Colleague: 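I am attaching a structure below and will ask some questions about it afterwards.
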There are 2 protein chains.
Amino acid sequence: MDYSPDLDLFARTELFQGTSPEALRFLQASAGRRRLAAGDILLQQGDRTTSLFVVIAGRLRASQMAQDGQQIIIRYIGPGEVAGYAALVGSDTHPGTVTAVDDSHLIGWTSAIVRQIMERYPIVAINALTLLGRRYHEMQIRLRELSTERVERRIGHTLLRLAHQSGRRTARGIEIAFPLSRRDLAEMVGTTLHTVSRTLSAWEERGIVSCGRCRVVLCKPHALVAIADEEEE
Amino acid sequence: MDYSPDLDLFARTELFQGTSPEALRFLQASAGRRRLAAGDILLQQGDRTTSLFVVIAGRLRASQMAQDGQQIIIRYIGPGEVAGYAALVGSDTHPGTVTAVDDSHLIGWTSAIVRQIMERYPIVAINALTLLGRRYHEMQIRLRELSTERVERRIGHTLLRLAHQSGRRTARGIEIAFPLSRRDLAEMVGTTLHTVSRTLSAWEERGIVSCGRCRVVLCKPHALVAIADEEEE
DNA sequence: CCTCCAATTTGAGCCAGCGCAAATAGTTGG
DNA sequence: CCAACTATTTGCGCTGGCTCAAATTGGAGG
């Protein structure tokens, strides 16, 4: 491992911000490192919980699968964010699968260490609550969208959220900064890749988006907002 | 207030189980009490967060509304559970509305006290994480169901979950122990009250359920499991 | 017992979006 | 440059479940 995370790095993560220098040193001392290539699996749904990870660089996808193989994407996880929250909430198995979608670099702690950290530094437990509360709230909103909105608006909302979380400014607009296939988008939105493809094609026609293989660029985000939030007449 | 919650009561809630006698005494001393009649609103979406509540008796409904008035039911909250989790995660406004569906009795603490409690007694923060992790996981599952399953199966899963959380054994079967209209069920499942009504009628025909005005009794839970989990051929 | 209101049931028609299928276009490895 | 594969596009027909409408039922209050 050629990479040695410095203390600043920890201080910028959602889980460890605001912790004392002493705590940061302890975190550094007890951490393990992990590198993944795009496509590698970090942890599998149903696996016994052993560690908690924080993403340093790269991007991962958390997904949920049913017995019949149907799966959905819960969220994408980027730098500074927590992956494998089971260790945080004391669950003994992982509720979902986490896969790298880009080459990624993570730092990890065992469940026992995590528990110890939270007991010794309550700010970490409180940060964890804040972060989980945010994710829970996000889920409430997605659940509402899925229950009440048409596919086109859901695709719009999803793209706007992705752009917000991990958009990259480019000459042509805001690009989703990781490989995102039509199928991926469908599994986030709750539809089929066919419908996503048709919708994107229509939008591309109107110059709202520009897309390629596993790539989406939002050229007119405001137009997308209009579609996502327009009043039902 | 004629009701004086004893220490045992706290020890049985999801948030305070496992706390020391000293902590329990502090909790008791700093608690406020609140009674609600069925239909009363405990807190409204968007309101500034002031308190956290624990349900002692009764039942409440947490819901989420969009600008256009479309709403969904996030969950029902029963004895021993937390209502108004915003104070727990440090959110400054409530993400949803909480309404009593039965006469209810709650105990509450101000946000400042909650913060103080979590810093002084880390077990409470850890309990909070566990509880929120459980709810988050529930949401993942509902999101997956909503994305991939047909209405009939979703209604089945929802009824089974409700029966599990707050079912009451009766001569005719397991009764959902609080008023649940077709509309309520529809707002949990992500469909219309018409479709719920048609589905329940069909099931009643087959003796699987028995229902009245705002009442549902599961007469053959195993048949419902079969419907909810049957293989798609 | 009667009135009023909310909850529920049921019918009929329609359509957004799915399922299926087939063609096309990038990508990767050889 | 070719082969094999994966991602994407697009057409077509079908249908689950929504929308609209109207009748019915059960309770609560007087």
Side-chain angles (χ1 to χ4, degrees), chain A residues 37-39 61 68-73 99 101-102 145-156 158-159 176 178-206 209-217 227 230 232-233, chain B residues 37-39 61 68-70 72-73 99 101-103 145-156 158-159 176 178-206 209-217 227 230 232-233:
Chain A
R61 175 181 56 220
D68 62 0
Q70 290 267 50
Q71 74 162 14
I72 63 159
I73 294 176
T99 315
V101 296
D102 267 334
E145 287 177 6
L146 195 51
S147 291
T148 65
E149 293 179 359
R150 296 279 159 100
V151 168
E152 187 181 35
R153 298 180 69 171
R154 298 208 306 270
I155 297 176
T158 302
L159 282 180
I176 310 291
F178 57 88
L180 181 77
S181 70
R182 306 292 181 272
R183 172 179 295 280
D184 292 334
L185 200 43
E187 285 176 0
M188 290 206 78
V189 167
T191 181
T192 61
L193 76 167
H194 309 278
T195 299
V196 168
S197 176
R198 276 183 255 267
T199 305
L200 289 186
S201 294
W203 286 348
E204 190 149 29
E205 196 94 6
R206 295 166 56 189
V209 300
S210 156
C211 36
R213 194 188 178 85
C214 295
R215 288 288 152 197
V216 183
V217 181
I227 289 169
E230 79 193 350
E232 292 286 337
E233 84 293 347
Chain B
R61 175 182 55 219
D68 63 0
Q70 291 266 50
I72 64 159
I73 294 175
T99 315
V101 296
D102 266 336
D103 295 349
E145 287 178 5
L146 194 52
S147 291
T148 64
E149 293 180 358
R150 298 279 160 99
V151 168
E152 187 181 34
R153 298 179 69 171
R154 298 208 307 270
I155 297 176
T158 302
L159 283 180
I176 310 291
F178 57 88
L180 181 77
S181 71
R182 305 293 181 271
R183 172 179 296 278
D184 292 333
L185 200 45
E187 286 175 0
M188 290 206 78
V189 167
T191 181
T192 61
L193 76 166
H194 309 279
T195 299
V196 168
S197 177
R198 276 183 253 267
T199 305
L200 289 186
S201 293
W203 286 348
E204 190 150 29
E205 196 94 6
R206 294 165 56 189
V209 300
S210 155
C211 36
R213 194 189 179 85
C214 295
R215 289 288 152 198
V216 183
V217 181
I227 289 169
E230 80 192 350
E232 293 284 337
E233 86 292 346

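Here is how names work: the chains are called A, B, and so on, in the same order as the sequence lines, proteins then strands, and each is numbered from 1. Quantities reported herein were computed from a predicted structural model and do not represent experimental measurements.
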Colleague: Indicate yes or no: at least one non-hydrogen side-chain atom of Leu193(B) is less than 4.5 angstrom from one of Leu185(B).
Modeller: no
Colleague: Side-chain N or O of Ser201(B) versus OP1/OP2 of dT10(C): is the shortest distance under 4.0 Å?
Modeller: yes
Colleague: May I ask you to evaluate whether Thr191(A) reaches the phosphate of dC18(C), defined as a side-chain N or O under 4.0 Å from OP1 or OP2?
Modeller: yes
Colleague: Quick check: on DNA chain D, is the nucleotide nearest Glu149(B) upstream (toward 5') of the one nearest Glu204(A), or the reverse? Name the residue that is more 5'.
Modeller: Glu204(A)
Colleague: Over how many whole Å does the gap from Arg215(A) atom CZ to dG26(C) atom P extend?
Modeller: 16 Å
Colleague: Determine: side-chain N/O of Thr195(A) to OP1/OP2 of dG17(C), distance under 4.0 Å, yes or no.
Modeller: no
Colleague: Counting neighbours of CZ on Arg206(A) that are heavy atoms of other residues, nucleotides or ligands and sit closer than 6.0 Å, is the number greater than 12?
Modeller: no
Colleague: Rounded to the nearest Å, what distance is computed from the CZ atom of residue Arg183(A) to the P atom of nucleotide dG19(C)?
Modeller: 11 Å
Colleague: Val101(B) and Pro179(B): which non-hydrogen atoms are nearest, and at how many Å?
Modeller: O-CG, 3.5 Å
Colleague: The side chain of Arg182(B) is closest to which nucleotide in this list: dT10(C), dG19(C), dT9(C)?
Modeller: dT9(C)
Colleague: State, with a plain yes or no, whether a side-chain heavy atom of Arg154(B) is found less than 4.5 Å away from one of Val151(B).
Modeller: yes
Colleague: Please identify the 5'-most and 3'-most nucleotides of DNA chain D with any atom under 4.0 angstrom from a heavy atom of chain B.
Modeller: dG16(D) to dG26(D)
Colleague: Between P on dC18(C) and CG on Leu193(A), what's the gap in Å once rounded to a whole number?
Modeller: 10 Å
Colleague: Taking CZ from Arg150(B) and P from dG17(C), how many angstroms apart are they, rounded to a whole number?
Modeller: 15 Å
Colleague: Could you check whether any side-chain heavy atom of Asp184(B) comes within less than 4.5 Å of a side-chain heavy atom of Ile73(B), counting everything from C-beta outward?
Modeller: yes
Colleague: Between Arg213(A) and His194(A), who's closer to the 5' end of DNA chain C by nearest nucleotide?
Modeller: His194(A)
Colleague: Any side-chain heavy atom of Ile176(A) within less than 4.5 Å of one from Val217(A)?
Modeller: no
Colleague: Is the shortest heavy-atom distance from the side chain of Trp203(A) to the side chain of Glu152(A) under 4.5 Å?
Modeller: yes
Colleague: Base, sugar-phosphate or nothing for Ser181(A)? Non-hydrogen atoms, less than 4.0 Å.
Modeller: sugar-phosphate
